[in-house]
Engineer: 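One structure follows; several queries about it will come next.
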Amino acid sequence: LDEVDDDHIDGSTARGTSLEVGGLRLACLSNTATQAFPINAAAPSHLPSFQLPTLLSTPYPGTPMQASASSTNEKVIRLRRGSKREVLIALLKMQRFVSGAFGIMSVFFPHFVAYLLDSREAPRRLPFEERVTLRSWGAFILAFAYLAHQAARTFDASALYHVAVGFGIAFTTAAIVCAQEAFGKDRDQCSDEFRFSVILSGVLFTMLGASYIACACL
């Protein structure tokens, strides 16, 4: 926005401003009406130009962003038309019951879950730290169960694809953690029963993660 002087034929001078917006250069003078000049026309020399900055730009065709979106759309289409949708829905239906039962037990009966993981002793009252950890973990598992339940009932192919990717990442990560703890340098610090439970959990997580990733990405 710049100040300009406009010299009239009668010798008088009017001061005002000029602004270039949307292809028009507007000159607003104090004692005359607003004047508009197209940009591609020859504007009076006394009107300075004002260029608005370009804030956003769209990616060119073939950029990684568009390539990734195209690949995702192709996988969603295959999930919608193929038999993988039925397999994925069957996995989700199974998971909602398993996750729901385990989440409820972790929240309301954490001592029984601890006994299942380590059967050296009969179910007992857990220390404060273990009890809080197990009950908090159970609350998140219940969220998994609810998401699996709704995905199996109402989600379309696009939403099912992203749910499968998310569950695949979660279970694969859990399997890696179990493998690291079961075969790491600190494996002798736990009992054989607990280590066996960790290995068994890792095998289960590996199977689930591989199944979800196969349904979503292959």
Side-chain angles (χ1 to χ4, degrees), residues 68 72 75-76 79 84-218:
S68 176
T72 300
K75 293 173 182 176
V76 170
L79 181 62
K84 293 180 181 179
R85 179 186 179 90
E86 287 73 20
V87 175
L88 179 57
I89 290 178
L91 279 173
L92 292 170
K93 288 180 178 179
M94 177 191 67
Q95 183 185 332
R96 64 181 176 181
F97 292 114
V98 176
S99 298
F102 200 79
I104 291 174
M105 286 194 301
S106 298
V107 172
F108 297 103
F109 308 102
H111 58 282
F112 184 71
V113 174
Y115 171 72
L116 292 177
L117 296 176
D118 190 354
S119 58
R120 288 178 300 174
E121 300 179 6
R124 56 185 174 82
R125 183 172 180 82
L126 295 175
F128 176 80
E129 296 84 356
E130 295 182 26
R131 187 170 67 253
V132 172
T133 301
L134 273 176
R135 299 189 72 186
S136 302
W137 183 35
F140 285 100
I141 295 177
L142 287 176
F144 268 69
Y146 177 77
L147 180 59
H149 173 72
Q150 290 298 329
R153 294 178 64 248
T154 61
F155 284 12
D156 58 14
S158 178
L160 282 174
Y161 167 79
H162 293 289
V163 169
V165 171
F167 281 170
I169 293 174
F171 285 120
T172 302
T173 304
I176 294 173
V177 171
C178 289
Q180 289 178 339
E181 296 299 330
F183 302 101
K185 60 182 180 180
D186 297 330
R187 62 181 180 272
D188 296 333
Q189 297 181 6
C190 65
S191 64
D192 293 337
E193 291 82 359
F194 187 80
R195 183 167 176 265
F196 177 76
S197 299
V198 173
I199 294 174
L200 188 61
S201 300
V203 172
L204 177 62
F205 292 151
T206 300
M207 295 173 59
L208 287 172
S211 299
Y212 278 118
I213 292 176
C215 289
C217 301
L218 298 182

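Along the sequence shown, residues are numbered consecutively beginning with 1.
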Engineer: I need the minimum non-hydrogen distance between C215 and V87, along with the two atoms involved.
Structural biologist: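 C215 and V87 have their closest heavy atoms at SG-CG1, 3.9 Å.
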
Engineer: Which heavy atom of A152 sits nearest a heavy atom of I89, and at what distance?
Structural biologist: O-CG2, 4.0 Å

Engineer: Could you give the distance from CD1 (I141) to CE (M105), rounded to the nearest 0.5 Å?
Structural biologist: 9.0 Å

Engineer: Minimum heavy-atom separation for R135 and V107, please, with both atom names.
Structural biologist: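 Smallest heavy-atom distance, with atoms named: NE-O, 2.7 Å.
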
Engineer: Measuring from S99:OG to M94:CE, what's the distance to the nearest 0.5 Å?
Structural biologist: 8.5 Å

Engineer: Please report the C-alpha distance between Y212 and L92 in whole Å, then the side-chain angles of each, then the deciding distance to 0.1 Å, and finally whether the side-chain contact (heavy atoms from CB on, under 4.5 Å) criterion is met.
Structural biologist: CA-CA 9 Å; Y212 278 118; L92 292 170; 3.6 Å; yes

Engineer: Can F167 and L208 be said to form a side-chain contact (heavy atoms from CB on, under 4.5 Å), step by step?
Structural biologist: CA-CA 8 Å; F167 281 170; L208 287 172; over 6 Å; no

Engineer: When you look at CZ of F102, are more than 12 heavy atoms from neighbouring residues, nucleotides or ligands closer to it than 6.0 Å?
Structural biologist: yes

Engineer: Counting only heavy atoms from other residues, nucleotides and ligands, does the tally under 6.0 Å from CZ of F109 exceed 12?
Structural biologist: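 It does not: F109 CZ has 12 such atoms or fewer within range.
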
Engineer: When the side chains of residues 197-205 are checked against the rest of the protein, which donor-acceptor pairs come out under 3.5 Å, sequence neighbours left out?
Structural biologist:
| unit_1 | atom_1 | unit_2 | atom_2 | d |
| --- | --- | --- | --- | --- |
| S197 | OG | L117 | O | 2.8 |
| S197 | OG | E193 | O | 3.1 |
| S201 | OG | S197 | O | 2.9 |

Engineer: Measure across G209 and T172 and return the closest heavy-atom pair with its distance rounded to 0.1 Å.
Structural biologist: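 Nearest heavy atoms, G209 then T172: CA-OG1, 3.8 Å.
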
Engineer: Looking only at heavy atoms, what is the nearest atom pair of L134 and S106, with distance?
Structural biologist: O-CB, 3.5 Å

Engineer: When rounded to the nearest 0.5 angstrom, what distance separates CG in D186 from CZ in R195?
Structural biologist: 12.0 Å

Engineer: Determine whether V165 and Y161 satisfy the following criterion, side-chain contact (heavy atoms from CB on, under 4.5 Å), listing intermediate values before the conclusion.
Structural biologist: CA-CA 6 Å; V165 171; Y161 167 79; 3.9 Å; yes

Engineer: State which residues pass side-chain hydrogen bond (donor to acceptor under 3.5 Å, both in side chains) with E181; sequence neighbours excluded, sorted by chain then number.
Structural biologist: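 Result, side-chain hydrogen bond (donor to acceptor under 3.5 Å, both in side chains) vs E181: none returned.
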
Engineer: Assess whether atom CZ of F171 is packed by more than 12 heavy atoms of other residues, nucleotides or ligands within 6.0 Å.
Structural biologist: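 Yes, the 6.0 Å shell around CZ holds more than 12 heavy atoms from other groups.
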
Engineer: Restricting to non-hydrogen atoms, name the atom on A151 and the atom on L160 that form the minimum distance, rounded to 0.1 Å.
Structural biologist: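 The pair with the smallest heavy-atom distance is O-CD2, 3.4 Å.
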
Engineer: Does R96 have any side-chain hydrogen bond (donor to acceptor under 3.5 Å, both in side chains) partners at least two apart in sequence or in another chain, and if so, which?
Structural biologist: H149

